[in-house]
K.L.:
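Encoded as structure tokens, here's the structure I'll be asking about.
Naming convention: chains lettered A, B, ... in sequence-line order (proteins, then strands); numbering from 1 in each chain.
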Amino acid sequence: MTGPETPRPSDFIRDIIKEDMETGKYGGRVHTRFPPEPNGYLHIGHAKSICLNFGVADEFRGLCNLRFDDTNPAKEEVEYVESIKEDVLWIGYDWGDRMYYASDYFDQMYAYAVELIRMGKAYVCDLSAEEIREHRGTLTQPGRNSPYRDRSAAENLELFERMKAGEFPDGSRTLRAKIDMTSGNINMRDPVMYRILHAEHHRTGDKWCIYPMYDYAHCVSDSIEGITHSICTLEFEDHRPLYDWFLDELKVECHPQQIEFARLNLSYTIMSKRKLLQLVEGGHVKGWDDPRMPAISGLRRRGYTPESIRNFCDRIGVAKRDSMVDMALLEFCIREDLNKRSPRVMAVLRPLKVVIVNYPENKSEELTAVNNPEDPGMGTRTVPFSRIIYIERDDFQEVPQKQFFRLSPGREVRLRYAYYLTCVGVVKDEKTGEVVEVHCTYDPATRGGDSPDGRKVKATLHWVSAAHAIEIEARLYNTLFLKADPDDVEEGQDFRSNMNPDSLETLAARAEPCLSDAKPGDRFQFERMGYFCVDPDSSGGKPVFNRTVTLKDTWAKVRKKGK
RNA sequence: UGGGGAGUCGUCCAACGGCAGGACGGCAGACUCUGGAUCUGCUUAUAGGGGUUCGAAUCCUCUCUCCCCAGCCA
């Protein structure tokens, strides 16, 4: 991957690989893999793994495979395969012609299993799931051997063959590795290698009714693909001895090294696929691609760019300690990117009517606005202006609080790219006392936004012409959870009790007419309000905009403190 | 209390026996036709105790805290 991202700092994994390259450990070869299970959508935590695995491969002139870890037909679906491919590509990485499935290797895995049985290193066990659990012991007590542990190789071979042939019902037998029931590492207490599952597999159909377990399938898959560095998350750390045991016993040529790093935790959101699914199925969000979801598809719909996500992954680093990255960093990354590339446009989210009393009734004019002050190459556009305009409700205070220097009675402000404007009166709702209309005068000499006499104004407001503005729907998003750690709950509660009831606010807003041409996926900065991205829900004349992120809002802080 | 890991600014990541540094956040200021952007400055950090050493975040040792593991899930 090439790009303008900040230079990649090193980390302990890159240090290991660098050393392996220098010592020629794998003949100077680096080959990684990204191995998602197709049982859910990818999220920002997967992006960290994708950037690590593909990134490392690129940096060391190696390769990275995409491999679907599809060893559990009960939970996996093709729908997920397609979304995962789309998301990896979108993030900016390409597996070339190396897209594999663990299920591609089922024949080889079976052959290896037979080999282990022959060597007396695996046996068919007739214990039920519950009995296996009882025999496994506990964290502090050793397990007991299965009564079937010492079957002859011949008997095991025959039984395993019959398991494969479908002679036994689900759960009636397993193939187990014969290791050590007294090991302090529970993974080594004769782990199950194969279970019987009469289930249709999304790729192999009904060819198999026995399926390999992760620990057995993963190391064998890595070995078959010639992986050199098998990078995974911390919870697999105590599976490493088992990973190595299988490959050592099988005496395979390629024995990759497993390296574990800490998974990503992001404040104010959750990363567990199971919990994310709960949000979707419980109707708390509209789907995996709901812009509030940390799923890649959600971030994409929200308006995040692939560049910003890659940059974020670079900045968070890679280490072994559990951590919680501040959401503010992700927001910084998207602002930084969008600031450089987004065209600016004016939209009024919460309109307040302004009548410019000294502006001619039937007149309108075209004013020139800069598309992006950060990039003059993006040119200019014209914006229509007329007697009645809308400004942001928050930009007017009848009785200005301390440090408020926007519009209020008697005060002059600038309308961006238009004129200086002075408030001369207000119209209130008789019942509520709420200001429903503001009356102002403009100074014709300030056309374009500069005053010939050099007088200064403290605020510049965005606006739209009432007669020309188009109606848009603005969807404002806030964090899905109220606590930085959504799992921090009272006894008996779960993460859902920390959900933010105001994570979505839908507004009928007004925008300058050029936005009527906006296409889903187009991104804009609504001046002073934030970055917005056109949602696929947009129909005909009414675009829907998702707020990707607000602009940094110094005033909001000042106001909060002043209260 | 078995096994495996991890402890450095508020947060994340560096420093690999030799000046504890960067980024984000926060605070203050400059500038500004976005209270945006940009720029400048500031920011109570090596879990604790012993030891080795001229010198320790780094090595040794004891202690403490946190995370993971008892799926026929991955």
K.L.:
Check A:Glu134 with A:Arg144, please: is the shortest side-chain N to carboxylate O separation under 4.0 Å?
P.N.:
no
K.L.:
Name the closest nucleotide to the A:Ile316 side chain, picking from B:G36, B:A14, B:C12.
P.N.:
B:C12
K.L.:
Protein-nucleotides 66-70 of chain B N/O pairs closer than 3.5 Å?
P.N.:
{"unit_1": "B:C67", "atom_1": "O2'", "unit_2": "A:Asp322", "atom_2": "OD2", "d": "3.2"}
{"unit_1": "B:A70", "atom_1": "O2'", "unit_2": "A:Arg136", "atom_2": "NE", "d": "3.2"}

K.L.:
Determine the interatomic distance between C1' on B:U11 and the same-named atom on B:C16; round to the nearest Å.
P.N.:
24 Å
K.L.:
What distance, rounded to whole Å, do you find between the two P atoms, one in B:U61 and one in B:U52?
P.N.:
15 Å
K.L.:
Salt bridge or not for A:Arg455 and A:Asp443, using N-O below 4.0 Å?
P.N.:
yes
K.L.:
Are A:Tyr148 and A:Arg176 close enough that some pair of their side-chain heavy atoms sits under 4.5 Å apart?
P.N.:
no
K.L.:
By nearest atom, which of the nucleotides B:C72, B:G4, B:A14 is closest to the A:Glu237 side chain?
P.N.:
B:G4
K.L.:
Please tabulate, one pair per line, all N/O donor-acceptor pairs under 3.5 Å involving side-chain atoms of residues 321-331 of chain A, not counting sequence neighbours.
P.N.:
{"unit_1": "A:Asp326", "atom_1": "OD1", "unit_2": "A:Ala328", "atom_2": "N", "d": "2.9"}

K.L.:
Considering only side-chain heavy atoms of A:Glu527, which listed nucleotide, B:U1, B:U34, B:A74, is closest?
P.N.:
B:U34
K.L.:
Residues in side chain to side chain donor-acceptor pair (under 3.5 Å) with A:Lys18, at least two apart?
P.N.:
none
K.L.:
Which value, in whole Å, describes the distance between the C1' atoms of nucleotides B:A45 and B:A23?
P.N.:
15 Å
K.L.:
So does A:Asp15 reach the base of B:C16 with its side chain, donor to acceptor, closer than 3.5 Å?
P.N.:
yes
K.L.:
Taking the six-membered ring for Trp and the single ring otherwise, decide whether the centroids of A:Phe532 and A:Phe524 are under 6.0 Å apart.
P.N.:
no
K.L.:
Listing time: all N or O pairs from protein to nucleotides 63-65 of chain B that are below 3.5 Å?
P.N.:
none

K.L.:
What class does the angle between the rings of A:Tyr41 and A:Tyr80 fall in, given that below 30° is parallel, 30 to 60° is tilted and above 60° is perpendicular?
P.N.:
perpendicular
K.L.:
Ion pair present between A:Asp553 and A:Arg528, side-chain N to carboxylate O less than 4.0 angstrom?
P.N.:
no
K.L.:
Give me the distance, rounded to whole Å, that separates B:U58 from B:A6 when you measure between the C1' atoms they each carry.
P.N.:
16 Å
K.L.:
Return the set of residues passing ring-ring contact (aromatic ring centres under 6.0 Å, His included) with A:His239 (not counting sequence neighbours), or none when no residue passes.
P.N.:
A:Phe236
K.L.:
Answer yes or no: does atom CZ of A:Arg263 have more than 12 heavy-atom neighbours from other residues, nucleotides or ligands under 6.0 Å?
P.N.:
no
K.L.:
Counting primed atoms plus P, OP1 and OP2 as sugar-phosphate and everything else as base, spell out the protein contacts along nucleotides 22-32 of chain B at 4.0 Å heavy-atom distance: B, S or - for each nucleotide, 5' to 3'.
P.N.:
-SSSSSS----
K.L.:
Would you mind telling me which of B:G2, B:C72, B:U34 lies closest to the side-chain atoms of A:Thr140?
P.N.:
B:G2
K.L.:
Under the side chain to side chain contact (heavy atoms under 4.5 Å, CB included) rule, collect the residues that match up with A:Val56, sequence neighbours excluded.
P.N.:
A:Arg14, A:Ile17, A:Val30, A:Thr32, A:Leu52, A:Phe60
K.L.:
Hey, could you give me each pair passing salt bridge (charged side-chain N to carboxylate O under 4.0 Å, His left out) that has a residue in residues 182-198 of chain A? Not counting sequence neighbours.
P.N.:
A:Arg149-A:Asp190
K.L.:
Holding to side chain to side chain contact (heavy atoms under 4.5 Å, CB included), I want the full list of residues that pass it with A:Tyr268, two or more places apart in sequence or in another chain.
P.N.:
A:Thr479, A:Ala484
K.L.:
Answer with yes or no after comparing the ring centroid distance for A:Tyr100 and A:Phe68 against a 6.0 Å cut-off, counting only values under it.
P.N.:
no
K.L.:
Under 4.0 Å from any atom of RNA chain B, heavy atoms only: list the residues of residues 368-378 of chain A that qualify, in numerical order.
P.N.:
A:Pro373, A:Glu374
K.L.:
Charged N to carboxylate O below 4.0 Å: is that the case for A:Arg406 and A:Glu392?
P.N.:
no
K.L.:
Go through B:G36, B:C13, B:C73 for me and flag the one nearest to the A:Arg321 side chain.
P.N.:
B:C13
K.L.:
Determine the Euclidean distance between corresponding P atoms of B:A47 and B:C12; express it in Å to zero decimal places.
P.N.:
14 Å
K.L.:
Stem list for RNA chain B, please, built from Watson-Crick and G-U wobble pairs under 3.5 Å and keeping only runs of at least 3.
P.N.:
B:2-7 with B:64-69, B:10-13 with B:21-24, B:25-30 with B:38-43, B:47-51 with B:59-63
K.L.:
Tell me every residue that passes ring-ring contact (aromatic ring centres under 6.0 Å, His included) with A:Phe261, counting only those two or more places apart in sequence or in another chain.
P.N.:
none
K.L.:
Tell me whether the side-chain N/O atoms of A:Thr554 come closer than 4.0 Å to OP1 or OP2 in B:G36.
P.N.:
yes
K.L.:
Taking the C1' atom in each of B:C64 and B:G17, what is the distance between them to the nearest angstrom?
P.N.:
26 Å
K.L.:
Say you pick atom P in B:A56 and the same atom in B:U63; how far apart are they, in whole Å?
P.N.:
24 Å
K.L.:
In whole Å, measure the gap between the P atoms of B:U43 and B:G36 for me.
P.N.:
24 Å
K.L.:
Charged N to carboxylate O under 4.0 angstrom, A:Arg33 versus A:Glu225?
P.N.:
no
